[in-house]
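Data first, discussion second: the structure below is written as structure tokens.
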Number of protein chains: 2
Amino acid sequence: MDTHYLESLLGYNARRAALAVIGVFLQRMEPYGLRPVDFSVLTLIAHNPGVTSRQICTALDILPPNLVGIVKSLQSRGWIVRRPHPTDRRAQGLHLTEAGRLLQSQAQVTATQLENDAASPLTARELDTLKLLLRKVYQR
Amino acid sequence: MDTHYLESLLGYNARRAALAVIGVFLQRMEPYGLRPVDFSVLTLIAHNPGVTSRQICTALDILPPNLVGIVKSLQSRGWIVRRPHPTDRRAQGLHLTEAGRLLQSQAQVTATQLENDAASPLTARELDTLKLLLRKVYQR
DNA sequence: TATTGTTATACTCTATAACTATA
DNA sequence: TATAGTTATAGAGTATAACAATA
């Protein structure tokens, strides 16, 4: 089966690699009930207490209507709370609960460990180079 | 907004980069009515005349029920035909029509050109390195 | 018994329009 | 006028079960 041409395309390789890594992520995060975007949102709140939904949408390139359900789900599981924004009464600041802090730190350890397994054919140096080049592609 | 931790993760970077490149792909391929998987299927048939649905599923990591609609769509647009498989009466060989060959070659030119724009912050050498490392991640 | 291709179907992901409260 | 958050909804992508025909 000749797949040489497809394998010469950046889009094809990026999509295949992303799906492979996300596959490992889904397996390892299944015990936490966290999908990739759930983890990203939880992690942004952990590192940016009081962040708003709109800021998260901009940072992660998510459409606002699609974030609503994610925030609701994290809140219903007792991991985040919404507090009034200090200066803008339209907005709400998002914060982790104590349970949320515990879960996020455990999930972050899992995410960090998962790297090595998902990228096991790469040396540490190759992995760093790969991540650097990927960032160059999507950061403008 | 602190996104440093997320940007240290392979999965996050791979997903963001793949979505960025696919975004450019969708724009450029819109005149042809081809989405990424449509193009991949058409291209595999072009480079492997007589290939079966099952072989395409294996090569592209698509589930058989999800390929049925794609093949039907390509067929209804007059780009591919199914012929009896020479040795296996369960299977059908997929082939491009003359119109399909013309369209695929035009789309392939577009896909090749698109590379440079989607990866414009990278040098040619960096782009080659990136694709090499991505293949290492998903090919086992 | 196993495989190819298919139908039906459910679930998730992504996108658009329109609304409210506030800036 | 513009923005933050929300609802409703439509479309695209992905997954499983089950079937007929053939190996």
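So you know, we letter chains A, B, ... as the sequences are listed, proteins then strands, and number each from 1.
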- Task: Can you see which heavy atom on A/Tyr32 is nearest to which on A/Gln106, and at what distance?
- Result: OH-O, 3.6 Å

- Note on the structure: note: B/Leu60, atom CG; D/dT14, atom P; distance rounded to Å ~ 11 Å

- Message: So if I take the C1' atoms of five pairs at each end of the helix from C/dT1-D/dA23 to C/dA23-D/dT1 and get each local axis, what angle do the two axes make, rounded to 10 degrees?
- Response: 10°

- Message: From CD of A/Glu30 over to P of C/dT12, roughly how many Å is that when rounded to an integer?
- Response: 13 Å

- Message: Could you work out, with salt bridge (charged side-chain N to carboxylate O under 4.0 Å, His left out) as the rule, every residue matching B/Arg35, not counting sequence neighbours?
- Response: B/Asp38

- Query: Which of the following nucleotides, C/dG5, C/dT16, D/dG5, is nearest to the side chain of A/Ala91?
  - Reply: D/dG5

- Item | Between C/dG5 (C1') and B/Leu94 (CG): distance, integer Å | 11 Å

- Query: Rounded to the nearest Å, what distance is computed from the CG atom of residue B/Leu19 to the P atom of nucleotide C/dC13?
  - Reply: 13 Å

- Item | Nonpolar side-chain network containing B/Val68, other nodes, edges under 4.5 Å | none

- Task: Applying salt bridge (charged side-chain N to carboxylate O under 4.0 Å, His left out), name anything that partners B/Glu126, two or more places apart in sequence or on another chain.
- Result: A/Lys136

- Item | Side-chain cluster (under 4.5 Å, hydrophobic types only) that B/Val21 belongs to, other residues | A/Leu10, A/Val21, A/Leu122, A/Leu127, A/Leu130, A/Leu133, A/Leu134, A/Val137, B/Leu10, B/Leu122, B/Leu127, B/Leu130, B/Leu133, B/Leu134, B/Val137

- Task: Share the residues that join B/Leu26 in a hydrophobic cluster, the rule being Ile, Leu, Val, Met, Phe, Trp or Tyr side chains under 4.5 Å apart at the heavy-atom level.
- Result: B/Ile22

- Tightest non-hydrogen contact, residues A/Leu94 and A/Ile45, listed as O-CG2, 3.5 Å

- Task: Starting at atom CD of B/Gln92, determine the distance to atom P of C/dT4, rounded to an integer number of angstrom.
- Result: 13 Å

- Query: Any sub-3.5 Å donor-acceptor pair from A/Arg135's side-chain atoms to B/Glu7's backbone N or O?
  - Reply: yes

- So, do B/Gln75 and B/Arg82 sit near enough that their side-chain heavy atoms are less than 4.5 Å apart? yes

- With sequence neighbours left out, write down each residue that passes salt bridge (charged side-chain N to carboxylate O under 4.0 Å, His left out) with B/Arg54, or none if nothing qualifies. none

- Residues touching DNA chain D, which here means a heavy atom under 4.0 Å, drawn from residues 40-57 of chain B: none

- Query: Listed in order of residue number, which residues of residues 64-74 of chain A have a non-hydrogen atom at under 4.0 Å from DNA chain D?
  - Reply: A/Pro64, A/Pro65, A/Val68, A/Lys72

- Message: Can you tell me if B/Arg125 has over 12 outside heavy atoms packed within less than 6.0 Å of its CZ?
- Response: no

- Message: Is a donor from one side chain sitting under 3.5 angstrom from an acceptor on the other, for B/Tyr12 and A/Ser40?
- Response: no

- Note on the structure: The residue, A/Arg82 or B/Pro36, whose nearest nucleotide of DNA chain D is more 5′ is A/Arg82

- Message: What is the distance, to the nearest angstrom, from the CG atom on B/Leu26 to the P atom on D/dG13?
- Response: 8 Å

- Atom-pair distance (CG on A/Leu63; C1' on C/dC13), nearest Å: 11 Å

- Task: Take atom CD1 of A/Ile22 and atom P of D/dG13, then tell me their distance rounded to the nearest Å.
- Result: 16 Å

- Note on the structure: Across all chains, not counting sequence neighbours, the salt bridge (charged side-chain N to carboxylate O under 4.0 Å, His left out) partners of A/Glu30 are none

Check nucleotides 19-23 of chain C against the protein and report each pair of N or O atoms closer than 3.5 Å, with its distance, or say if there are none.
{"from": "C/dA23", "atom 1": "OP1", "to": "A/Arg89", "atom 2": "N", "distance (Å)": "2.9"}
{"from": "C/dA23", "atom 1": "OP2", "to": "A/Arg89", "atom 2": "NH2", "distance (Å)": "3.3"}

- ILVMFWY clustering at 4.5 Å (side-chain atoms), partners of B/Val109: none

